[in-house]
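Letters A, B, ... are given to chains in the order of the sequence lines, protein chains preceding strands, and every chain is numbered from 1.
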Amino acid sequence: MDFAGTLLNWYNDNKRPLAFRATTDPYKIWLSEIILQQTRVEQGMPYYHSFTNAYPTIVDLANAHEDAVIRLWQGLGYYSRARNLHQTAKIVANQYGGKFPSTYTEIAQLKGIGPYTAGAIASIAFGEKAAAVDGNVYRFLARYFGIETPAPSEKARKEFTAIVLDLMGNAHPGTFNQALIEFGALQCKPQSPACLLCPFNSSCYALAKGRVNELPVKNKMAARRTRYFNYFIIKNDKQLLLQQRTAKDIWQQLYEFPLVETKEPHP
DNA sequence: AACCCGTGGAC
DNA sequence: TGTCCAAGGGT
């Protein structure tokens, strides 16, 4: 059994029955990919259902008020995803006649869609042979082949894209990409991967070399700053004072209590 | 290329 | 309690 065959057999036996896998609607596949960017499946799934329920088609989403879209997104984080989602819906509705573009090149030009998401949509919704290299794919292949190129980086993205396209062969691109992602998420996990039960354990570089915990090589994350927001709750019997964040900053366009920001907690 | 953008679960 | 970081993309 070759790599693709082994992977697809594993996927057939182990894949989760996720709602966005039960549709061929490019709109819903796109929506699921945007929601799942840097977001766990368990956290994103309620939002996927909320959006598909509130906006059954991409034209419905395009016709919504942006405030309503952002409000429905509230709690998910990375709100630029919601703004780009709405903007892209309007472009598809107005410039593509409500029909989602069907090629990687066209899809990749839309806002909020980068190399990973374009590859995912093109392959899953339209069967185009494109790679969808996310963190799961990078981890699995870095371990399996012993690749030490630090990620995320442009160099790593190109290197892994070429490998995926080669491994894919003539398999269905969308199924193969989802299998690769699901394998990374469920089997070749970041911590304590299930190597004893892994169908690739007889040919995995990292397992053979005892380097499972050293791969993949990751670029160190930028240090995070801590910000302190001190809110004033101003209200009377009927009214609550809120202000909208219009600045190009965190929580742009969301509403909040009046506040002062300080460098230390509790001034 | 480096930094920014959120939230919540795992440890 | 603190740190890490997830189906990344924009600038």
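Contacts of A/Q243 classified as side-chain contact (heavy atoms from CB on, under 4.5 Å), with partners at least two apart in sequence or in another chain: A/E256, A/P258, A/L259. A/D60 pairs by the side chain to side chain donor-acceptor pair (under 3.5 Å) definition with A/T57, not counting sequence neighbours. By the side chain to side chain donor-acceptor pair (under 3.5 Å) test, A/R21 is found to be paired with A/Y11, A/Q178, A/E182, residues two or more places apart in sequence or in another chain being considered. The side-chain contact (heavy atoms from CB on, under 4.5 Å) test applied to A/A132 returns A/Y116, A/A120, A/N177, not counting sequence neighbours.
A heavy-atom distance below 4.0 Å to DNA chain C is reached by these residues of residues 16-39 of chain A, ordered by number: A/L18, A/F20, A/R21, A/L36, A/Q37, A/Q38. Residues from residues 111-150 of chain A that place a heavy atom under 4.0 Å from any atom of DNA chain C, listed by number: A/K111, A/G112, A/I113, A/G114, A/P115, A/Y116, A/T117, A/D134, A/G135, A/N136.
At the heavy-atom level, A/G184 lies nowhere under 4.0 Å from the strands shown. The residue A/K218 sits close only to the backbone: its heavy atoms come under 4.0 Å of sugar-phosphate atoms, none of a base.
A sub-4.0 Å separation between OP1 or OP2 of C/dC5 and a side-chain N or O of A/K189 is absent.
The separation between A/Y78 atom OH and C/dG8 atom P is 10 Å, rounded to whole Å. Rounded to an integer number of Å, the gap from CG of A/N219 to P of C/dG8 is 15 Å. Across the protein-nucleic acid pair, A/Q74 atom CD and B/dG8 atom P stand 11 Å apart, rounded to whole Å. Between the C1' atom of C/dA7 and the CD atom of A/Q187 lies a distance of 18 Å, rounded to the nearest Å. Put simply, CD on A/E42 is 18 Å from P on C/dC5, counting in whole angstrom units. The nearest whole Å value for the distance from the CD atom in A/E182 to the P atom in C/dA6 is 16 Å. For the pair A/L186 CG and C/dA6 P, the interatomic distance rounds to 15 Å; values are reported in whole Å. The distance from atom CG of A/N177 to atom P of C/dA7 is 15 Å, rounded to the nearest whole Å.
Among pairs with a residue in residues 175-194 of chain A, those fulfilling ring pair (Phe, Tyr, Trp, His ring centres under 6.0 Å) read A/W10-A/F183, A/F140-A/F183, A/F183-A/F200, at least two apart in sequence or across chains. Sorted by first and then second residue, the pairs that involve residues 39-55 of chain A and meet side-chain hydrogen bond (donor to acceptor under 3.5 Å, both in side chains), not counting sequence neighbours, are A/T39-A/R81. Residue pairs that meet the ring pair (Phe, Tyr, Trp, His ring centres under 6.0 Å) test with at least one member in residues 156-175 of chain A, sequence neighbours left out, are A/Y138-A/F160.
To the nearest 0.5 Å, atoms CG (A/L110) and CG (A/L85) are separated by 11.0 Å. Distance check: A/T23 OG1 to A/K28 NZ gives 5.0 Å after rounding to the nearest 0.5 Å.
B/dC4 sits 23 Å from C/dA7 when the P atoms are compared, rounded to a whole Å. With P as the reference atom, B/dG6 and C/dT1 are 26 Å apart, rounded to whole Å.
Listed nucleotides B/dT7, C/dG10, C/dA7 differ in distance to A/Y79; the shortest reach to its side chain belongs to B/dT7.
Heavy-atom distances to DNA chain B give each of A/Q191 and A/R40 a nearest nucleotide, and the one nearer the 5′ end belongs to A/R40.
One hydrophobic cluster, built from ILVMFWY side chains closer than 4.5 Å, cannot hold both A/I107 and A/L165; they sit in different ones.
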Donor-acceptor list for residues 233-240 of chain A side chains, cut-off 3.5 Å, not counting sequence neighbours:
unit_1	atom_1	unit_2	atom_2	d
A/N236	OD1	A/K238	N	2.9
A/N236	OD1	A/Q239	N	2.6
A/N236	ND2	A/Q239	OE1	3.0

Show me the side-chain donor-acceptor pairs of residues 64-75 of chain A shorter than 3.5 Å, one per line, residues at least two apart or across chains.
unit_1	atom_1	unit_2	atom_2	d
A/E66	OE1	A/Q253	NE2	3.1
A/W73	NE1	A/G77	O	2.9

Within the sub-3.5 Å range, which N or O atoms of nucleotides 1-3 of chain B have a protein N or O partner, and how far apart are they?
none

